[in-house]
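Keep in mind it's a predicted model, so treat the numbers as computed, not measured. Proteins get letters first, then strands, A, B, ... in listed order; numbering begins at 1 in each.
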Amino acid sequence: MRARRFGTLIGLLLLCAALWILTPHFLTVSNLLNIVQQTSINAIVAAGMTFVIISAGIDLSVGSIVAWSGVVLGAMLQAGQPAAIAVPAALLAGVGCGLINGLLVSIGRLPPFIATLGMMSVARGAALVFTEGRPVSGFSEGFRWIATGSLGFVPAPVLVMLIVYAIAHFALTRTTFGRYVYAIGGNEEATRLSGVAVRFHKTAVYAVSGLMSAVAAIVLTARLNSAQPIAGMMSELDAIAATVIGGTSLLGGEGSVGGTLIGALIMGVLRNGLNLLGVSSFLQQIVIGVVIVVAVLVDTTLKRHRT
Amino acid sequence: MRKYTVPAAIALACVALSCNRDTPAAGADKKKTVALVLKTLNHPFFVDMRRGAQEAADRLGVTLQVQAAEREIDVDKQMQIVENMLQTGIDALAITPSGSREIVSALVKAKAANVPILIVDTRLDPKAAADAGITAKTFIGSDNYEGGKLAGDYVIKVTNGKARIGVLEGIPGHETADSRLRGFRDAVAKSHGITIVASQPANWERDQGFNVFQNMLQAHHNIDTVFAASDLMALGAIEAIAAAGKTGTIKVVGFDALDDAKKAIAEGKMEASVAQFPYEMGKAAVESAVKVLAGESVPPDIMVKLEMITKSAGSR
């Protein structure tokens, strides 16, 4: 696993080197700070997605949960609630959706694809109904610090991302919860037979994903100074892509949040580089698609060789 | 061996990158660069706008950089594009905001970089812009509210003030769609014989226009007129009408005068469409940017004409 993550990192560095040669605008402090800021939202969502995918599940509802928690946050702030109340409420809104996903999967025995597909539609619809389709905007400077502020030279969204990743990494590698997530993804039946509370841990995994989506929603809302019910559309695919490029297997039981972070950075650097070079958005989609497919193709081919 | 997984993929991407670098590393010439950031490039409206802008850029000897998000509603991606383009040292920024309020945060960065801003097609939210201290050099566009009114007045005229209308709305909460619909509703409200029997969003899309209108027809057999906030939805409705065997009995009025719509109008399948002139908008955007860069003044509003395209009026 270590070697694998190392490989992803080499990929990222190669990409950076190529862009450094291709354009003088790439390797500047302000551009690199732009990239990490632009990456932070996808990276935070992808951290939650990593938990789900390691447990051999999938969460298609993350983008809709971003929108739903965002509008809850926006509406509360607009109603004059302090951020100290609105932010926890948004987190709760996200965890709530995740819990429902988790219960549908663990107790309801629905395939994760179906359960979260349902939530994807319900949460999106709820966000639209709640706001009557209109964005909620205009927040205080204090709240917007989460997106516009910085600590030293580290922009606040990057700080949030780093904290999220530190906690996620710790949870996955140093706690029993983390170990069980891998075990469930590797062989659910065996894990259950060895006395692990599989249902509980599976539910928790989706709650974590909902929570991460809510954290991303907070950063996104502050960044846009607006909570949009149409925010985060298709961002589930970006999150899955970052996770998969980062070496997490869709079959479960294998992966790391460190890899996901690098995967998200690769996507961010790619998009940024294509913008700097003036390449059309159509081509960007092709390049990103090719990177995802080739990364997974090489991965599965090598896995077959190994066993 | 395993560690080469992702590098292999990246190497491939780099090859793709270097092959498709469509901006030649222009030497040391002092050509000014105008950036045009569109909502998307997968809509004929914006493709036309780009063409107009390119024509003006070639004529005036400036470099034009066009970028757009993959999806029209993805304002975060549009923000990223603005941030990234500012890194390349553009001289002026013309933008069609994907979100009237949201994009202001990105424009603050343009202002900080001393890049003049020109707004095209969709206005900034006046309050959000004022709060952030953003003043655009000019707004170039046509008035969607007036366009909606134009369509409403036209419907009153051709139906002699008696119609049962089904409305196909754009994405809820979208400024452009809201203005068009408001204009249309205000215009038809004058006429007592006209009722809007159903109004549903079809999210700017052709296939949704088909489905939504098909459902509408199920619920309201006697709809005799359709107003769609965009031609793509109108074209979807036309297919639904054909599928119901009612071609020619229901008048369809759209917005945008896309080529497909003009064809449908010429064939008598569609009644009319409000034409905006995105080509002119793109042209005016670059012309104004060049003026601003030369230190000349430009008017705060540059209105591009609107026109009703009908079978008798012919296409432009």
>> Which atoms of Ala132(B) are under 4.5 Å from chain A, going by heavy atoms: the side chain, the backbone, both sets, or neither?
In response: neither
> How many angstroms lie between CZ in Arg71(B) and CD1 in Ile230(A), if you round to the nearest 0.5 Å?
Replying inline: 10.5 Å
> If you take all heavy atoms of Pro135(A) and Glu102(B), which pair is closest and at what distance?
Replying inline: CB-OE2, 3.5 Å
> chain B heavy atoms under 4.5 Å from Thr28(A): which part of the residue, side chain, backbone, both or neither?
Replying inline: side chain
> Roughly how far, to the nearest 0.5 Å, is CG of Asn84(B) from CG of Asn272(A)?
Replying inline: 4.0 Å
>> Heavy-atom pairs under 4.5 Å with chain A: which of Glu70(B), Lys77(B), Arg101(B) has the most?
In response: Glu70(B)
Which pairs of donor and acceptor atoms, one on a side chain in residues 283-294 of chain A, lie under 3.5 Å apart (sequence neighbours left out)?
none

>> So if I take each residue of residues 215-224 of chain A and look for any heavy atom under 4.5 Å from a heavy atom in chain B, which residues do I end up with?
In response: Leu220(A), Arg223(A), Leu224(A)
>> As an exercise, state the distance from CG of Leu33(A) to CD of Glu83(B), rounded to the nearest 0.5 Å.
In response: 11.0 Å
> What is the distance from atom CD1 of Ile103(B) to atom CG of Asn225(A), rounded to the nearest 0.5 Å?
Replying inline: 12.5 Å
> Taking only residues two or more places apart in sequence or in another chain, which ones pass side-chain contact (heavy atoms from CB on, under 4.5 Å) with Asn42(B)?
Replying inline: Phe282(A), Thr40(B)
>> I'd like to verify something: which residue of Met234(A), Gln38(A), Gln37(A), Met233(A) has the highest number of heavy-atom pairs under 4.5 Å with chain B?
In response: Gln38(A)
> Do any N or O atoms from the side chain of Gln67(B) and from the backbone of Val279(A) form a donor-acceptor pair under 3.5 angstrom?
Replying inline: yes
> Can you tell me how far the OG1 atom of Thr88(B) sits from the CG atom of Asn31(A), to the nearest 0.5 Å?
Replying inline: 9.5 Å
> Based on non-hydrogen pairs under 4.5 Å, which of Ile81(B), Ile73(B), Asp76(B) is most in contact with chain A?
Replying inline: Asp76(B)
> By number, which residues in residues 136-148 of chain A have some heavy atom less than 4.5 Å away from chain B?
Replying inline: Ser137(A), Arg144(A)
